[in-house]
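First the structure, in the form of structure tokens, and then the observations on it.
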Amino acid sequence: QHGVFAYDPGFLSTASCASSITYIDGDKGLLYYRGYPIEQLAQHSDFLEVAYLLINGELPTAEQKAQFVSTVKEHTMLHDLMSNFYRGFRRDAHPMAVMVGVVGAMSAFYRDSSDAFDPAQRDIAAFRLLAKVPTIAAWSYKYNIGQPFMYPQNRFSYAENFLYMMFATPCEEYQPNPVLARALERIFILHADHEQNASSSTVRVAGSSGANPFACIAAGIASLWGPLHGGANEATLNMLEQIGDEKRIGEFIERAKDKTDSFRLMGFGHRVYKNMDPRAAIMRETCHEVLNELGLNDDPLFKLALKLEKIALEDDYFVKKKLYPNVDFYSGIVMRAMGIPNSMFTAIFALARTAGWTAQWMEMIASPEHKIARPRQLYVGPARRDYVPIDKRV
Ligand code: SDX
């Protein structure tokens, strides 16, 4: 039994099941996508190649990759009416609230890729999700700051295109910084998939009924938004800004240990990793690279994060509970250095995780053993009893 319900075979065969996509060894801190170590993919691959690997199971040949990238680029534009959805939000709407709404709205537009049980429609849905979610995410930022939407430019790579849609304006030329674009490709790769986390399980359970794929991905976005999950990257930055000075680190460590007002050290701990999250180590390295490129080696928040990690990992509480930095501990520092606001961090996590959610949704719905998820609960309520008329109740 886990939490509120016991897994029954029907549930296990659908939502939290055997999968061949991502392998994690939490004790050793290992993470493999289709058997390839995350360290090698982060170093040598790019995001669309990793998306191909997650969805198709193998690294693409040069020809397969070129075809895959060109098909994604055919779908980067949004139906023009979709831009109207943004104007229904307040200007200060959180980007994740916008993404839940607009990605969900894709189910009202792209009806020739909505039948989950039609393999051809599933493929188009996958391409549309990979192609359009970055545009939807970037436009939620543009809407927040009152700047015009920038349309995707297919001459750019995936990460360059995202930087363009985030930071270009119609008034002047914009050329993405190649070092930042490379770092962003790596950040997307690190976030692409992670086995049966809360949001991937949400997509599997929602998708198990044969529901519209875009609506299922919107459900995953909603789950990821929580501060205990993908929302932790934004919460970590907010926490570091609240700590402000190395002299206050001890105060926050004690709050976490005493569980004062249920405070937790954001970016620390993990349900599966009882060792360093391999993604955190790569993210720390990426921090160094990006800050160096931007001449921000003395970034006070990065220094604070390094110090906090050191102090926490020397503290008995964290050592005994095997609480290490996770993927969210350093990612916000990198993205903030790139000029990305805290409120966009989880939207970028969702953008990248769309590859893993899509791969897991396709694996689940295409499985010959596919069944609708129907978990049972462990009933702990009152035994049978008879109705009491209201005038007899005390
Ligand atoms: C992600 O599942 C995934 O794979 C998720 C993810 C992915 O790629 O999809 O890896 C992405 O969500 C990473 C996690 C981001 N969240 C945070 O950084 C938020 C802070 N972390 C914690 O809330 C917590 O560590 C969780 C939610 C991540 C894990 O929760 P668990 O495994 O249920 O841990 P727990 O609550 O059972 O904690 C065990 C003990 C508890 O103390 P006791 O009850 O035993 O006394 O450790 C303590 C917790 O209070 N603890 C912490 C802590 N994390 C756990 N104490 C202080 N600070 C923390 N961060």
Side-chain angles (χ1 to χ4, degrees), residues 2-4 15-16 19 21-27 29-33 38 41-42 50 54 96 187-204 217 220-240 242-243 249-283 305 308-309 311-313 315-333 345-346 348-357 359-360:
H2 292 262
V4 291
S16 181
S19 169
I21 298 175
T22 293
Y23 172 74
I24 300 173
D25 181 325
D27 294 327
L30 303 178
L31 170 58
Y32 301 158
Y33 291 164
I38 191 67
L41 293 170
V50 166
L54 290 170
M96 285 298 276
I187 291 170
F188 290 163
I189 289 169
L190 294 177
H191 287 87
D193 193 55
H194 209 244
E195 199 226 61
Q196 289 313 300
N197 56 83
S199 55
S200 296
S201 298
T202 301
V203 171
R204 279 181 177 259
I217 298 297
I221 296 171
S223 170
L224 184 73
W225 191 6
L228 298 185
H229 192 7
N233 52 22
E234 180 179 358
T236 299
L237 237 292
N238 295 340
M239 174 189 72
L240 290 171
Q242 203 188 354
I243 294 173
I249 288 176
E251 172 196 333
F252 283 79
I253 294 267
E254 290 313 310
R255 277 180 62 194
K257 290 160 66 173
D258 301 342
K259 303 186 192 318
T260 316
D261 53 43
S262 68
F263 173 75
R264 295 221 168 151
L265 218 47
M266 288 288 116
F268 257 75
H270 198 276
R271 172 61 56 80
V272 178
Y273 289 121
K274 300 309 169 192
N275 198 325
M276 186 74 172
D277 179 337
R279 302 168 296 175
I282 299 167
M283 201 66 81
L308 173 56
E309 176 186 0
I311 294 172
L313 295 186
D315 186 297
D316 244 7
Y317 172 90
F318 291 88
V319 173
K320 283 208 179 91
K321 291 182 186 295
K322 298 185 178 179
L323 303 173
Y324 293 86
N326 59 51
V327 67
D328 293 313
F329 189 64
Y330 286 107
S331 57
I333 297 169
F345 296 167
T346 314
I348 288 170
F349 194 150
L351 178 170
R353 188 53 57 89
T354 295
W357 288 331
Q360 294 211 32

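In this chain, residues are counted from 1 in sequence order. Please read all numbers here as calculations on a predicted model, not as lab measurements. Both ligands and their constituent atoms are indexed starting at 1 by order of listing.
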Ligand 1 versus [X]: contacting region, heavy-atom distance under 4.0 Å:
X      : answer
Leu265 : both
His270 : both
Lys259 : side chain
Arg279 : side chain
Leu323 : side chain
Tyr317 : side chain

Would you mind running through ligand 1 and noting each atom that sits below 4.0 Å from a heavy atom of [X]?
X      : answer
Arg353 : 7 (C), 8 (O), 9 (O)
Ala232 : 15 (C), 16 (N), 17 (C), 18 (O)
Asn197 : 2 (O), 3 (C), 4 (O), 5 (C), 9 (O)
Gly267 : 17 (C), 18 (O)

Nearest-neighbour protein heavy atom for [atom], which is reported as residue plus atom name and distance:
atom                    : value
atom 30 (O) of ligand 1 : Arg264 NH1, 4.2 Å
atom 33 (O) of ligand 1 : Arg271 NH2, 2.6 Å
atom 28 (C) of ligand 1 : Gly269 O, 3.7 Å

> Does atom 37 (O) of ligand 1 have any protein heavy atom closer than 4.0 Å?
Replying inline: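 No, there is none.
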> Can a protein heavy atom be found under 4.0 Å away from atom 53 (C) of ligand 1?
Replying inline: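 It does; a protein heavy atom is within 4.0 Å.
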>> Can you list everything that forms a side-chain contact (heavy atoms from CB on, under 4.5 Å) with Asp258? Sequence neighbours excluded, please.
In response: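 With neighbours one apart ignored, the set is Glu254, Thr260.
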>> Looking at ligand 1, is there an atom of it that comes within less than 4.0 Å of some heavy atom belonging to Asp328?
In response: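 It does; at least one heavy atom falls under 4.0 Å.
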> Has Gln196 got any heavy atom lying under 4.0 angstrom from an atom of ligand 1?
Replying inline: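 No, Gln196 has no heavy atom closer than 4.0 Å to ligand 1.
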> Hey, are Lys257 and Asp315 close enough for a salt bridge, meaning a charged N less than 4.0 Å from a carboxylate O?
Replying inline: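 A salt bridge is present here (some side-chain N lies under 4.0 Å from a carboxylate O).
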> Would the number of heavy atoms belonging to other residues, nucleotides or ligands and lying under 6.0 Å from NZ of Lys259 be above 12?
Replying inline: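 Count over threshold, so yes.
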Which side-chain N or O atoms in residues 324-333 pair as donor and acceptor under 3.5 Å with protein atoms at least two apart or in another chain?
from: Asn326; atom 1: OD1; to: Asp328; atom 2: N; distance (Å): 2.8
from: Asn326; atom 1: ND2; to: Gly267; atom 2: O; distance (Å): 3.2
from: Asn326; atom 1: ND2; to: Gly269; atom 2: O; distance (Å): 2.9
from: Tyr330; atom 1: OH; to: Glu309; atom 2: OE1; distance (Å): 2.2
from: Ser331; atom 1: OG; to: Val327; atom 2: O; distance (Å): 3.4

